[in-house]
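Notes follow once the structure below has been shown.
Just so you know, these numbers come straight off a predicted model, no measurement behind them.
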Amino acid sequence: QVQLVESGGGLVQAGGSLRLSCAASERTFSNYVGAWFRQAPGKEREFVAAISRSLGTTYYADSVTGRFTISRDNAKNTAYLQMNSLKPEDTAIYYCAAARFISRASNDYDHWGQGTQVTVSS
């Protein structure tokens, strides 16, 4: 069972940047797709970005393309989400997730972190 722990959330002004980290408990994290989802108050959880297991192919939601970058360091069992040019509408709880294959659907992910709050002020 892979356990995931997010960190790096916080309060930032619009236009600012944050870097989220997702530390996995297992060295086999390299066998999993890594992804980030987010959930704003009163809204459903939505896909943000995903990265494949070894080649590092990346996928993004249209709303974050060009502003967010997902990456991973398999030697450190860690995935990252670099968020630039943040907007108030990016405010949400951000969750790290892992799965055996790439998907934009949250139901396809078996392992989840506890979430980290990102708040962007205008």
Donor-acceptor pair, side chain of [X] and main chain of [Y], under 3.5 angstrom:
{"X": "Thr78", "Y": "Asn74", "value": "no"}
{"X": "Arg104", "Y": "Phe47", "value": "no"}
{"X": "Glu6", "Y": "Gln114", "value": "yes"}
{"X": "Arg72", "Y": "Ser52", "value": "yes"}
{"X": "Thr58", "Y": "Ile51", "value": "no"}
{"X": "Gln82", "Y": "Arg19", "value": "no"}

Between [X] and [Y], which heavy-atom pair has the shortest distance, and what is it?
{"X": "Ser85", "Y": "Ser17", "result": "N-OG, 4.4 Å"}
{"X": "Tyr60", "Y": "Thr69", "result": "OH-CA, 3.3 Å"}
{"X": "Ile102", "Y": "Ala50", "result": "CD1-CB, 4.0 Å"}
{"X": "Leu18", "Y": "Leu86", "result": "N-CD1, 3.9 Å"}
{"X": "Ala92", "Y": "Ala40", "result": "CB-N, 3.8 Å"}

In terms of hydrophobic clustering (I, L, V, M, F, W, Y; side-chain heavy atoms under 4.5 Å; direct or indirect links), are [X] and [Y] co-clustered?
{"X": "Tyr80", "Y": "Ile70", "result": "no"}
{"X": "Tyr59", "Y": "Tyr95", "result": "yes"}
{"X": "Val120", "Y": "Phe68", "result": "yes"}

- Task: Run the numbers on Gln117 and Leu11 for side-chain contact (heavy atoms from CB on, under 4.5 Å), then give the verdict.
- Result: CA-CA 8 Å; Gln117 176 71 47; Leu11 173 64; over 6 Å; no

In Å and rounded to the nearest 0.5 Å, what is the [atom1] to [atom2] distance from [X] to [Y]?
{"X": "Asn77", "Y": "Thr28", "atom1": "CG", "atom2": "OG1", "value": "8.0 Å"}
{"X": "Cys22", "Y": "Phe29", "atom1": "SG", "atom2": "CZ", "value": "5.5 Å"}
{"X": "Thr116", "Y": "Ile93", "atom1": "OG1", "atom2": "CD1", "value": "9.0 Å"}
{"X": "Asp90", "Y": "Thr119", "atom1": "CG", "atom2": "OG1", "value": "11.0 Å"}

- Result of checking Gln3, Gln1, His111 against Ser25 for side-chain contact (heavy atoms from CB on, under 4.5 Å):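 So, applying the side-chain contact (heavy atoms from CB on, under 4.5 Å) to Ser25 and each of Gln3, Gln1, His111, only Gln3 qualifies.
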
- Message: Consider side-chain contact (heavy atoms from CB on, under 4.5 Å). Of Ser121, Ser122, Pro88, which one does Gln13 pass it with?
- Response: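 So, applying the side-chain contact (heavy atoms from CB on, under 4.5 Å) to Gln13 and each of Ser121, Ser122, Pro88, only Ser121 qualifies.
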
Note, [X] side chain near [Y] side chain (heavy atom, < 4.5 Å):
{"X": "Gln39", "Y": "Ser106", "answer": "no"}
{"X": "Met83", "Y": "Trp36", "answer": "no"}
{"X": "Val118", "Y": "Leu20", "answer": "yes"}

- Message: If you take the centroid of each ring, where Trp contributes its six-membered ring, are Phe37 and Tyr109 closer together than 6.0 Å?
- Response: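 Distance test on ring centres: under 6.0 Å, yes.
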
- Message: Taking the six-membered ring of Tyr32 as reference, does the cationic atom of Arg100 (NZ for Lys, CZ for Arg) lie under 6.0 Å from its centre and within 45° of its axis?
- Response: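 Ring-cation test returns yes.
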
